[in-house]
Amino acid sequence: MSTIYDKLNDKQKQAVFTTEGPLLLLAGAGSGKTGVLMHRIAYLIEEKHVDPYNIMAITFTNKAAKEMKERIGKLIGEEGNFVWVMTFHSSCVRFLRRFIDKIGFDNSFTIYDSDDQKTLMKKIFKENDINTKVYKERAVLNIISSCKNELMSPSEYMKSAVDSYEKGVARLYEIYQSTLKKNNALDFDDLICRSVELFEKCPEVLDYYQDRFRYIMVDEYQDTNTAQFRLIYLLAQKYGNICVVGDDDQSIYKFRGANIENILSFEERFENVKVIKLEQNYRSTGNILDAANAVIKNNRGRKDKSLWTEGESGENIELRQFQTANEEADNIIKDIRDRARDNFRDFAVLYRTNAQSRLLEERCVTLGIPYQLVGGVNFYQRKEIKDVLAYLKTIANGNDDIALLRIINVPKRGIGATSIAKVSEYANENNISLYDAMSISEMAGVGKASDKIKSFIAMIEEFREKVAQKANIANLIEELLEETGYIESLYEEGEIEGESRKENIEELINKSGEYEDGELSLFLEDVSLVADIDRMDENADRITLMTLHGAKGLEFDTVYLAGMEEGLFPSAMSSNSREDLEEERRLAYVGITRAKKNLILTSAKQRMVNGETRYSLMSRFVSEIPRELLNKHVLDTEKRYTERSASFGEALPWESKAKTNNNFEKTLSFGKQFKVEKAQSLDYAVGDTVKHIKFGTGKVLEIVDGDRDFEVKVNFEKFGIKKMYAGFAKLVKI
């Protein structure tokens with residue numbers, strides 16, 4: 001008798017049928033891990049008779065969560081609707097909406113996105129007279145985010161501070177957190193941290209969720225940070241049925257706080273762990289997999305595994321080297337045009353930095369090639385969308401000063417900056433929210449604006465009453481737009497611009513139609529958690545342009561990896577650190593394994609970077625691919641292509657320098673090579689003031705003794721924090 005498990009390979013079946021205790025699934029790229037998770041859930045419900053209500057599946061994107069839910073439904077029907085399938089952040093929002101009052105917040109809290117955070121920090125800087133030559137808003141927020149990823153409180157960060165700069169950041173961190181609480185708001189990192197705090201401070205709440213989630217599965221486990229690990233660890237303690245699925249070779253989000261040690265040390269964190277490797281690939285041809293395996297095996301910090309396929313070897317990988325980045329972009333887009341005919345969705349161009357997209361976009365526009373740029377301006381970050389959402393946030397949560405400040409005089413209603421400043425001062429003096437201060441009719445000092453403020457408050461209260469009566473969200477937005485005259489104000493910027501912004505708002509209204517009457521808070525939660533990848537339309541007949549970091553989890557018939565050059569990929573800053581270089585190599589591995597049938601690697605000998613021409617060697621990652629897998633193309637002086645197979649035996653152009661020269665090299669803008677010998681010591685130390693020929697004076701924050709050179713972090717008075725190599729920086733102690 002056939003079952004839904006018959007199509008699984010032996011290792012996949014083993015993973016599905018191992019249901020009790022800790023399980024580590026090392027799932028290589030394209031190994032069918034999502035299908036394994038879905039069949040595992042089906043097996044728990046249908047064969048082990050586990051209540052769907054007791055199963056939790058966690059992933060990182062709404063797109064992945066939606067796909068999981070749909071596939072579970074196809075496997076087992078309506079019972080699949082009762083399985084908890086959500087992202088980390090969505091899960092934590094649910095925990096906190098129900099129980100955050102136990103740790104001192106109101107359950108109607110607002111979620112701040114990155115723009116809201118920056119606005120709040122700018123306000124804190126102004127109110128506390130912060131020296132913006134020393135402290136930069138984004139830099140401070142990045143440090144705060146790193147602290148939260150490691151579950152480090154402001155007081156703990158203060159204790160670890162090594163100099164006055166870090167102590168200053170610690171104080172700003174403390175003010176930032178207290179202001180968030182005053183505004184009854186959480187940022188994205190708080191969603192995880194506050195959930196951990198809730199579980200640790202309220203054992204009855206933790207016990208409730210431990211009993212609820214008796215079987216826990218976590219996808220993309222290599223991308224978890226310390227806070228996320230702690231959250232899952234707490235939930236899994238009672239029953240121990242924790243299954244994590246991931247691939248350490250695809251851990252590429254260290255800059256976001258991901259901790260690869262979570263997957264590498266899983267067997268040490270839990271007892272009696274079962275480890276199963278999924279190495280059979282169902283996506284790519286044999287040659288593509290052989291290339292990926294050859295590159296990634298150069299990493300030392302990994303668990304041993306090797307992808308293989310029963311499919312065909314396929315075409316060799318194409319390697320194209322151009323004189324300039326313009327020629328590279330022109331060739332890529334023309335090549336897609338010639339190959340695709342009318343089927344552009346099967347093509348993707350992946351690159352290391354966002355800046356590389358400009359030339360590709362220009363060629364798409366010039367040649368009339370349809371494309372989608374993933375990682376551009378987020379729909380929910382557009383001014384008109386943020387304005388409407390700020391109105392809705394103010395209606396939902398009167399304590400959110402940031403939302404209120406955004407729309408108090410938008411469109412203009414005669415409430416000027418002076419009046420707002422007086423109200424803000426009153427709110428701060430009395431430790432109340434800005435909205436509450438505005439609601440106090442007898443508050444003096446605002447002059448003629450008093451009546452306008454009262455009118456604004458009355459309007460918000462009217463809409464709050466409608467929300468309380470479970471108003472339809474789409475109708476609420478339309479009434480709000482009419483009441484405020486917001487649509488008319490859009491056309492002050494011009495008819496074309498106004499029409500475009502109006503269309504965006506109409507799309508937001510369409511989105512709100514997916515929610516039931518009275519679900520305003522749920523609507524605001526969901527739109528605040530949308531990521532770039534969630535907005536990608538995989539069915540649109542357009543080529544995809546995106547960074548390598550954004551491409552993980554996706555696949556395309558034909559992939560172009562652009563900019564395969566030393567200093568660009570791997571980045572210059574990674575060359576001095578084994579850990580950073582290994583992360584760059586994992587990124588290359590991810591890029592290679594996005595390709596199903598065809599992989600084209602391109603590089604340019606010269607490229608404009610920050611206004612200057614840079615000359616580069618080809619990426620070391622290309623040299624790590626066996627020559628018999630490569631077909632090399634070069635551009636001759638008449639710009640005609642000639643093809644030479646790398647298997648013919650001739651030395652490839654990067655090998656003589658990139659492979660045989662172990663000295664630290666740097667390419668000057670005029671093409672010469674020079675070597676920098678690492679100094680025995682530096683004549684400056686952490687805390688010293690130094691001078692740079694371009695960035696001016698700054699304070700040394702950190703010095704790391706790398707294999708090839710010292711890596712120095714300096715906070716420059718005019719340019720903020722920069723990382724650089726001592727040999728190139730030529731810093732002079734003042």
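Excluded from the calculations below are hydrogen atoms, water molecules and symmetry mates; all remaining heavy atoms, backbone and side chain alike, are included.
- No salt bridge links E425 with K422; every basic N to acidic carboxylate O contact stays at or beyond 4.0 Å.
- Between K393 and D116, the closest side-chain pair of non-hydrogen atoms falls below 4.5 Å.
- Annotation for Y173 and C147: closest pair CE2-CB, 3.7 Å, computed over non-hydrogen atoms.
- In this structure a side-chain-to-backbone donor-acceptor pair under 3.5 Å is present from N128 to I124.
- You'll find the side chain of N262 stays beyond 4.5 Å of the side chain of Q228, heavy atoms only.
- Scanning both residues, I505 and I487, for their nearest heavy atoms gives CD1-CD1, 4.0 Å.
- No hydrogens or angles considered: a donor-acceptor pair under 3.5 Å links the side chains of Q117 and Y176.
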Would you sort out whether K238 and D211 count as a side chain to side chain contact (heavy atoms under 4.5 Å, CB included), showing the intermediate values?
CA-CA 8 Å; K238 191 167 187 176; D211 279 332; 3.0 Å; yes
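- Every residue meeting the ring pair (Phe, Tyr, Trp, His ring centres under 6.0 Å) condition with F229, not counting sequence neighbours, appears here in chain and number order: Y233.
- Looking only at atom types and distance, the side chain of N259 has no donor-acceptor partner in the side chain of N225 under 3.5 Å away.
- With hydrogens and angles disregarded, no donor-acceptor distance shorter than 3.5 Å links the side chain of S145 to the backbone of N142.
- Here salt bridge (charged side-chain N to carboxylate O under 4.0 Å, His left out) pairs that include residues 158-185, with residues two or more places apart or in two chains, number zero.
- Within 6.0 Å of the CD atom in E516, the count of heavy atoms belonging to other residues, nucleotides or ligands does not exceed 12.
- R501 and D387 are not joined by a salt bridge, as no carboxylate oxygen comes within less than 4.0 angstrom of a charged side-chain nitrogen.
- Cation-pi geometry between R94 and F213 is not met at under 6.0 angstrom from the ring centre and within 45 degrees of the axis.
- Aromatic ring orientation, F456 versus Y391: tilted (interplanar angle from 30° to 60°).
- I111 approaches F188 most closely through the heavy-atom pair CG2-CE2, 3.5 Å.
- When each of K69, K63, E70 is paired with K66, the side-chain contact (heavy atoms from CB on, under 4.5 Å) condition holds for E70 and for no other.
- If you check the side chains of K123 and S424, you find no donor sitting under 3.5 Å from an acceptor.
- Side-chain contact between I58 and Y221: absent, with no pair of heavy atoms (C-beta onward) separated by less than 4.5 Å.
- Y209 and R98 share no side-chain donor-acceptor pair at under 3.5 Å.
- I252 has its side chain out of reach of Q222: every pair of non-hydrogen atoms, C-beta onward, lies at least 4.5 Å apart.
- Aromatic pair F199/F95: ring centres closer than 6.0 Å.
- Shortest non-hydrogen contact noted between T547 and T353 is CG2-C, 4.3 Å.
- Contact of the F99 side chain with the E204 side chain is not registered, since no non-hydrogen atoms from C-beta on lie closer than 4.5 Å.
- A ring-ring contact (aromatic ring centres under 6.0 Å, His included) check over residues 110-150, counting only residues at least two apart or in different chains, returns the pairs Y135-Y165.
- Between the side chain of D101 and the backbone N or O of N107 there is no donor-acceptor pair closer than 3.5 Å.
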Derivation and outcome, salt bridge (charged side-chain N to carboxylate O under 4.0 Å, His left out), residues E461 and R464:
CA-CA 5 Å; E461 290 298 325; R464 283 187 174 176; 3.4 Å; yes
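- L198 has its side chain out of reach of I100: every pair of non-hydrogen atoms, C-beta onward, lies at least 4.5 Å apart.
- Taking both residues in full, the closest heavy atoms of C92 and L191 are given as CB-O, 3.2 Å, listed atom of the first, atom of the second, then distance.
- With a 4.5 Å cut-off on side-chain heavy atoms, Q237 and L206 do not count as touching.
- Using a 4.5 Å heavy-atom threshold, the side chains of T394 and R406 count as separate.
- The environment of E482 atom CD is sparse: at most 12 non-hydrogen atoms of other residues, nucleotides or ligands sit within 6.0 angstrom.
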